[in-house]
Amino acid sequence: NAGVTQTPKFRVLKTGQSMTLLCAQDMNHEYMYWYRQDPGMGLRLIHYSVGEGTTAKGEVPDGYNVSRLKKQNFLLGLESAAPSQTSVYFCASSYATGDVNQPQHFGDGTRLSIL
Amino acid sequence: RKEVEQDPGPFNVPEGATVAFNCTYSNSASQSFFWYRQDCRKEPKLLMSVYSSGNEDGRFTAQLNRASQYISLLIRDSKLSDSATYLCVVNLGGATNKLIFGTGTLLAVQP
């Protein structure tokens, strides 16, 4: 199984450009998440989804949009990239069993630089 | 105050040493607790869940003290391959399985 796959792995953008990060999971997980990780800070939740067609804001949603048109895919969009969005982005997924001990499974990250 | 606080380290220890990491969390309603491991420039991976009764997985022992809102991880007989950042993670429960991450503690095991 591939698990959680993120594309692209690396990207450099100019300020004001737009792009979409793709997350795909093949574990039939209901829940999916987008995080960003910056030096000296823990992973911070950007947006999440508890099922196909539903999304919700996390801790740091400004400047990002998401869509979950298919259960296996969760897209993160930057409409007008800013240098403050330079970060490492991780996607994660998990089952929705009601078991709070359910772990999240992570993709290997997208390193995004905004110039 | 951060919701999950950890000593960032680095902890530099020789091979074979025993090392302990601590973590505190601020929300008393937190439901579940984990230690994740993150290698340099890699994704976080679940190391172990942490249960109130304490739990052990080989050389790793995790403890939870709900009264003090304190979590610990003990690594015995450190290996070079244990070098990584260890993330303390808390699940607040509810219907979304959202996790709160500490900033991590860096461990460097020296030969």
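This structure is a prediction, so every number in the text was calculated from the model and none was measured. Chain A is the first sequence line, chain B the second, and so forth, proteins listed ahead of strands; every chain is numbered from 1.
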Tell me whether A:Y48 is reachable from A:Y64 by hopping between hydrophobic residues (I, L, V, M, F, W, Y) whose side-chain heavy atoms are closer than 4.5 Å.
no
Under 4.5 Å between any side-chain heavy atoms of A:F90 and B:Q38, yes or no?
yes
Taking side chain as everything from C-beta outward and backbone as N, CA, C, O, which of these in A:L45 sits under 4.5 Å from a heavy atom of chain B? Side chain, backbone, both or neither.
side chain
Grouping I, L, V, M, F, W and Y whenever their side-chain heavy atoms are under 4.5 Å apart, do B:L92 and B:I71 come out in a common cluster?
yes
Is the count of non-hydrogen atoms from other residues, nucleotides or ligands lying under 6.0 Å from A:K14 atom NZ greater than 12?
no
Between B:P44 and A:L43, what is the shortest heavy-atom contact and its length?
CG-CD2, 4.1 Å
Could you see if B:F11 belongs to whatever hydrophobic cluster contains B:L106? Use Ile, Leu, Val, Met, Phe, Trp, Tyr and a side-chain cutoff under 4.5 Å.
no
CG on B:L99 to OH on A:Y33, rounded to 0.5 Å
6.5 Å
Neighbour count >12 (heavy atoms, 6.0 Å) for atom CD, A:E79
no
Heavy-atom proximity to chain A below 4.5 Å, by part of B:I100
neither
Taking heavy atoms only and a threshold strictly under 4.5 Å, list by residue number the residues of residues 107-115 of chain A that touch chain B; give 'none' if the list is empty.
A:G107, A:D108, A:R111
Measuring from A:Q104:CD to B:L46:CG, what's the distance to the nearest 0.5 Å?
10.5 Å
Kindly indicate whether the side chain of B:E43, heavy atoms from C-beta on, has any atom under 4.5 Å from the side chain of A:Q6.
no
How long is the gap from OH on B:Y36 to CZ on A:F106, to the nearest 0.5 Å?
5.5 Å
Can you say whether A:Q37 sits under 4.5 Å from chain B via the side chain, the backbone, both, or neither, judging by heavy atoms?
side chain
Same cluster for A:Y35 and A:L76 if Ile/Leu/Val/Met/Phe/Trp/Tyr side chains link at under 4.5 Å?
no
Between A:L75 and A:V60, is there a shared hydrophobic cluster once you connect ILVMFWY residues whose side-chain heavy atoms come closer than 4.5 Å?
no
